[in-house]
Amino acid sequence: MRDELISAIRDALTAVGVPSPDVVELERPGRREHGAFSTNVALASAKAAGRPPRELAADLVARLEADPPPFVQRVEVAGPGFVNFHLDDAWLHQVLRSVVDAGESWGSGTAGTGSRVLVEYVSANPTGPVHAGHARGAVYGDSLARILRAVGHEVDEEFYVNDRGVQMQVFAASLAARAAGEEPPEGGYQGDYITEWAAEMPADADPLTWGEARALLDQREVLGELGVSFDDWFSERRMVHTGAIDTTLEDLRARGVVDDADGAVWLRSTEFGDDKDRVLVKSDGEVTYLLPDIAYHRDKFARGYDLLVDVWGADHHGYVPRMRAAIEALGHDPASFEVVITQLVRLERGGEEVRISKRSGDLITLRDLIGEVGPDAVRLTYLLQSVDSPQTVDLDVVVAQSNENPVYYVQMANARLRSIDRVAAERGLERLPLASVDLSVLVAERELEVLRVLELLPEVVELAARERAPHKVTTWVRDLAAAVHGFYHDCPVLHPDTPDELRQARWWLAAAASTGLQVGLELLGVSAPEQL
RNA sequence: GCCCUCGUAGCUCAGCUGGAUAGAGCAGCGGACUUCUAAUCCGCCGGUCGCAGGUUCGACUCCUGCCGGGGGCGCCA
């Protein structure tokens, strides 16, 4: 539809003697009285054409109306010089057929075909449970991966395990202390889970090895409950053994971007936009966290990905320039490396802030959260808004089984639609094949609105993928749910007063809407139960 | 001090690559079930889009400066 309109607009421009701009913008007006599509070409080309926008627009309208593209009912000039396209309802009826034909693939696209993407997210240290703060990144990364796949990218998901370094020593020492019935060392881990895990630990176990395995088991389990799984849990320590860290350093040296000074080894990251050079190997001979990180990303590129997307917490955003510099220093296009920063989550209970602190005792684990509200509510809550902005989550609202909680609003919309099939089966009613159903009886606002929203999904998914913004899918799902509730309320399907023809058409509309809800929720990783 | 990020209705947030009269949920007020799930629907109330300039046909959106919140500025991870 878009393409046909754009090409018709280009033809009209040529016909009136105005050169086509490189891109013809076709917008979806916010107001329905402005039509289904709108273009600003007359405004944009007015200067080049040397004519007033409205006059140029009027000429375009005359051309377009003389030979209207399919489904175009009326073309008009509006406002300062917009050209608005009003489409026939038959267009929306065609949308219904498209949705039914596409089924679960409705909304998917091809924008990412041929491109391999690696999404790395969570990557929490293996020193404790995943907490409520990590969960935002977990849900975001998982949903982003789903959306990128929907537009054709080949996507892998990884969790980077920082199982090397001081924090592991501290963690092991804390476990050992608790196992011996002592307090953790100064600066150690204080959480109750340390005591619990220490009690499980066999006497002859190595606290570091055992502790890491215990933490990873816990993380894997609870993320699994949330519907989040990874293709690989990439171990930092593994790179010590494989020599990947040494190889990376040699590579950097060979590229001449490394200096030896003050007994340490430095990456001249300032040559690539960082604000200071960074130490790779400390003067005591230990590598910093940065070098293994670089080695990991070098490994990712070596595996042939076209794009690396890292999801980091806000507290790490200061590392973006040095990582980007390192990637450029390795000879890669910095544009093939993206970092999405997820802003902090503030948890409240009844207006009171609940601190998420790893060292203190009142840690809210993801396990606790899921136990209280279930995975669906956790996911939808986190996906409600852009990760660019700090999020405030009121646990009382998430827990509430009420209309304050959007997850029920959306799931109920689908459950209501599914109930139509159930009740129909009880009553022995039969839905005829779509090919033999006349959809032109769908003329009510409530019916058409559902179709208008459904029609947008491919664009929404494409946009959500391009902007790495799963919350746009959430917004769409809520819009569709609202349209469905309105339809359900005003347009009875199985009621005896509903004429047979209309019942068949509405029934198929309900089926298409349910498909839309299921597809949208699947992209968010939220379930779509048949009944609530 | 420098860097990043956010600032939109009483609260929590949307607002597409700049578009036409800035939207939704909650809260508040008032309505709607002899019907497939009322966890729903409808109406009303509610805004100097932090402030000030700039760019242009047009700015919540882009640029600059300021104000305010959060985060970051280690040979820690």
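Order of the sequence lines sets the chain letters (A, B, ...), proteins ahead of strands, with each chain counted from 1.
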Between A:Phe82 and A:Val279, whichever has its closest RNA chain B nucleotide further toward 5' is A:Phe82
Is a side-chain donor-acceptor pair under 3.5 Å present for A:Asp376 with A:Gln411? yes
Distance-only check: which donor-acceptor pairs under 3.5 Å involve side-chain atoms of residues 380-388 of chain A, not counting sequence neighbours?
residue  : atom : partner  : partner atom : Å
A:Thr381 : OG1  : A:Ala377 : O            : 2.6
A:Tyr382 : OH   : A:Ala132 : O            : 2.5
A:Ser386 : OG   : A:Asp388 : N            : 3.0

Residue set satisfying ring-ring contact (aromatic ring centres under 6.0 Å, His included) with A:Tyr121, at least two apart, ordered chain then number -> A:Phe230
Distance, P atom - from B:C41 to B:U5, rounded to whole angstrom = 37 Å
Ordered by number, residues from residues 257-272 of chain A within less than 4.0 Å of RNA chain B (heavy atoms) are A:Asp262, A:Ala264, A:Trp266
Applying the Watson-Crick and G-U criteria (both distances under 3.5 angstrom) with [ ] for crossing and | for other-strand pairs, one obtains for RNA chain B (((((((..((((.....[...)))).(((((.......))))).....(((((..]....))))))))))))....
With a 3.5 Å cut-off and heavy atoms only, can you find an N or O donor on one side and an acceptor on the other between the side chain of A:Ser419 and the base of B:C36? no
Residue pairs meeting salt bridge (Lys or Arg N to Asp or Glu O under 4.0 Å), one or both in residues 120-140 of chain A, sequence neighbours left out, come to A:Glu120-A:Lys300
Assign each of A:His34 and A:His317 the nucleotide of RNA chain B bearing its closest heavy atom; nearer the 5' end lies the nucleotide of A:His34
Say you pick atom P in B:C16 and the same atom in B:A22; how far apart are they, in whole Å? 15 Å
Taken to the nearest whole Å, CG/A:Asp274 to P/B:C2 is 18 Å
Requested in this report: Could you measure between the two C1' atoms, the one in B:C44 and the one in B:C6, and give it in whole Å?
Outcome: 33 Å
side-chain hydrogen bond (donor to acceptor under 3.5 Å, both in side chains) pairs touching residues 489-499 of chain A, sequence neighbours excluded, are A:Arg446-A:Asp490
Residues at least two apart in sequence or cross-chain that pass side-chain hydrogen bond (donor to acceptor under 3.5 Å, both in side chains) with A:Glu530, listed by chain then number, are A:Arg418
Check: A:Asn40 side chain, B:G19 base, donor-acceptor under 3.5 Å: yes
| field | Atom C1', compared across B:A27 and B:G68: separation rounded to whole Å | value | 26 Å
Whole-Å P distance, B:C29 and B:C73 = 48 Å
Those residues at least two apart in sequence (or on a different chain) that pass ring-ring contact (aromatic ring centres under 6.0 Å, His included) with A:His317 are none
side-chain hydrogen bond (donor to acceptor under 3.5 Å, both in side chains) filter on A:Asp262, not counting sequence neighbours, yields none
| task | For B:C51 versus B:U8, give the span between their C1' atoms, rounded off to a whole number of Å. | result | 15 Å
Taking only N/O atoms, report every protein-nucleotides 11-15 of chain B pair under 3.5 Å with atom names and distance.
residue : atom : partner  : partner atom : Å
B:C13   : OP1  : A:Pro390 : O            : 3.4
B:C13   : OP1  : A:Thr392 : N            : 2.9
B:C13   : O5'  : A:Gln385 : OE1          : 3.4
B:C13   : O5'  : A:Gln385 : NE2          : 3.1
B:A14   : OP1  : A:Ser386 : N            : 2.7
B:A14   : OP1  : A:Ser389 : OG           : 3.4
B:G15   : OP1  : A:His471 : NE2          : 3.2
B:G15   : OP1  : A:Lys472 : NZ           : 2.7

For A:Tyr296, the ring-ring contact (aromatic ring centres under 6.0 Å, His included) test, sequence neighbours excluded, returns A:Tyr160, A:Phe234
Protein-nucleic acid N or O pairs under 3.5 Å, nucleotides 41-43 of chain B:
residue : atom : partner  : partner atom : Å
B:C41   : OP1  : A:Tyr409 : OH           : 2.5
B:C41   : O3'  : A:Arg446 : NH2          : 2.9
B:C41   : O2'  : A:Arg446 : NH2          : 3.3
B:C41   : O2'  : A:His489 : ND1          : 3.4
B:C42   : OP1  : A:Arg446 : NH1          : 3.1
B:C42   : OP1  : A:Arg446 : NH2          : 3.4

